[in-house]
Protein chains: 2
Amino acid sequence: MPVEAKVDIGARSATPPLTERQEARRRRILHASAQLASRGGFDAVQMREVAESSQVALGTLYRYFPSKVHLLVATMQDQLEHMHGTLRKKPPAGETASERVAETLMRAFRALQREPHLADAMVRALTFADRSVSPEVDQVSRQTTAIILDAMGLTDPTPAQLSAVRVIEHTWHSALITWLSGRASIAQVKIDIETVCRLIDLTEPEKKP
Amino acid sequence: MPVEAKVDIGARSATPPLTERQEARRRRILHASAQLASRGGFDAVQMREVAESSQVALGTLYRYFPSKVHLLVATMQDQLEHMHGTLRKKPPAGETASERVAETLMRAFRALQREPHLADAMVRALTFADRSVSPEVDQVSRQTTAIILDAMGLTDPTPAQLSAVRVIEHTWHSALITWLSGRASIAQVKIDIETVCRLIDLTEPEKKP
DNA sequence: CGCTAATCTAGAACAAGTTTCAGACTTGAT
DNA sequence: ATCAAGTCTGAAACTTGTTCTAGATTAGCG
């Protein structure tokens, strides 16, 4: 009789299902990754250290995550799920869609400010990722889109609204980068977010029927 | 009598002036960097190869550019100067400021499409740069801002307009990244640019005096 | 010219991401 | 219980960015 029963992963795509111990390994790795990242950011996440912290051989680490960037992007997926859950509990209270989106993003931004090193590791990995990580990065993007659409209160957005959301995501990522590298202040990021969110208002014609 | 006369660099900041041979070395290095980048993108720019191609010792390369990212960001500064010069010659013809900015950015985008690997190397370096490269990255950002303000036909922008420009830059960088990593099509980038450029119209109240 | 400090060179050495491999352990099926 | 296939481990090797060193070369000056 097999010692480990199979376990099903929810969101992940056509990955062969993992056994319990494998799932546990995967969690240990992601936990170690986030922990090291929280200390010293991107550079502090050293593959040998991640392997050691998570009690896994280096080769195994690379079997689970084929590169450091893959690992950090997966870490981001993980954190984003948390975040989305948290945000769902307390929906933003703004009047307009653009206010609610800005409020949501600022809330996320404040969460990132609490762990700036972790934010650094995740965001740098995300923007540095090359084609080999596209599927994973895309997943992060879809998750982010979902969060924004949630804040807008939309279920089926128009193409124009999707464009606006895409631009908002661009701004979000890039503004984070400039903040993380010390080239923009927190206040500046706030302004940029509020500025870009006004785009949303352009996609809903004024109420003048 | 000194064999090499001192030579003054225009735009660079408080760098001690370089001799002619030093200036020549610097150019050789930047040329080699761009050439290697044009082949295989970020990964193809290997410091040893750059040193060899530019007939300079590895240690010297590092004296001129303290890291690979510094080198590639400097390469981008270099290319941006070209670009700005080229764009000045044929100013965009659009009616509105937002049309002209979008046209300008699309022109730049088409230039990048001709050397996608070079674009990859430069943009990845730019967004991966950490604090130690902030001054150089900031210089690139100022140059980009200047290009956009040029297209808008402005000399002294309002704070609101500067915000809009900043968001446009964010979108520009991030959209390039998604294109370079194969997650967005050329058409999509075009739409994103056009979408974000509409922000400019929000900073100039409608002509209803 | 001849000196001193700065710069450049060749090459070794080091650091961290990634790959590889032989041998031990698990899994799933019989 | 046993076997074949797949997985994990530990360790070494390889790659490429970065640092260091000793000895040449060059720059600037009296």
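Not measured: the values here are computed from a predicted model. A, B, ... follow the sequence lines: proteins, then strands. Residue 1 opens every chain.
- Residues satisfying the salt bridge (Lys or Arg N to Asp or Glu O under 4.0 Å) criterion with Arg88(A), sequence neighbours excluded, are Asp150(A).
- Evaluation of the ring pair (Phe, Tyr, Trp, His ring centres under 6.0 Å) rule for Phe65(B) yields no partner, not counting sequence neighbours.
- Arg25(A) has its CZ atom 11 Å from the P atom of dT7(D), to the nearest Å.
- Arg114(A) pairs by the salt bridge (Lys or Arg N to Asp or Glu O under 4.0 Å) definition with nothing, not counting sequence neighbours.
- With no hydrogens or angles considered, no side-chain donor-acceptor pair links His170(B) and Thr171(A) at under 3.5 Å.
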Can you check nucleotides 15-17 of chain D for protein contacts, nitrogen or oxygen pairs under 3.5 Å, and list what you find?
| unit_1 | atom_1 | unit_2 | atom_2 | d |
| --- | --- | --- | --- | --- |
| dT16(D) | OP1 | Gln46(B) | NE2 | 3.2 |
| dG17(D) | OP1 | Val45(B) | O | 3.3 |
| dG17(D) | OP1 | Lys68(B) | NZ | 3.0 |
| dG17(D) | OP2 | Met47(B) | N | 3.0 |
| dG17(D) | N7 | Arg48(B) | NH2 | 2.5 |
| dG17(D) | O6 | Arg48(B) | NH2 | 2.8 |

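- A salt bridge links Asp78(A) and Arg27(A); the closest N-O separation between the charged side-chain nitrogens and carboxylate oxygens is under 4.0 Å.
- There is no side-chain donor-acceptor pair under 3.5 Å between Ser181(A) and Ser134(B).
- Note on Tyr64(A): only backbone sugar-phosphate atoms sit closer than 4.0 angstrom, heavy atoms only; bases stay farther off.
- Not counting sequence neighbours, the partners of Trp179(A) by the ring pair (Phe, Tyr, Trp, His ring centres under 6.0 Å) test are Phe109(A).
- When rounded to the nearest whole Å, the span between CZ of Arg28(A) and C1' of dC8(D) equals 11 Å.
- Of the residues in residues 118-130 of chain A, none lies under 4.0 Å from DNA chain D by heavy-atom distance.
- With sequence neighbours left out, Asp130(A) forms a salt bridge (Lys or Arg N to Asp or Glu O under 4.0 Å) with no residue at all.
- Applying the ring pair (Phe, Tyr, Trp, His ring centres under 6.0 Å) criterion to Phe128(B), with sequence neighbours excluded, gives Phe42(A), Phe128(A).
- Within residues 52-60 of chain A, the residues approaching DNA chain D are Gln55(A), Val56(A), Ala57(A), Thr60(A), by heavy-atom distance under 4.0 Å.
- Following rounding to the nearest Å, Leu61(B) (CG) and dT19(D) (P) show an atom-to-atom distance of 11 Å.
- Pairs passing the salt bridge (Lys or Arg N to Asp or Glu O under 4.0 Å) check and including a residue from residues 97-106 of chain B, sequence neighbours excluded, read Glu103(B)-Arg107(B).
- For the pair Phe65(A) CZ and dC8(D) P, the interatomic distance rounds to 12 Å; values are reported in whole Å.
- End-to-end axis angle for the helix from dC1(C)-dG30(D) to dT30(C)-dA1(D), using five pairs per end and rounding to 10°, comes out at 20°.
- When the side-chain nitrogen and oxygen atoms of Gln22(B) are compared with OP1 and OP2 of dC8(C), one or more of them lie within a distance under 4.0 Å.
- Using modelled atom types and a 3.5 Å distance limit, the side chains of Glu169(A) and Ser141(A) yield a donor-acceptor pair.
- Residues His84(B) and Gln143(B) share a closest heavy-atom pair of ND1-NE2, 3.5 Å.
- Atom CD in Glu49(A) sits roughly 15 Å away from atom P in dT18(C) (whole-Å rounding).
- Partners of Lys68(A) by salt bridge (Lys or Arg N to Asp or Glu O under 4.0 Å), not counting sequence neighbours: none found.
- Note: CD (Glu20(B)) to C1' (dT26(D)) measures 14 Å, nearest angstrom.
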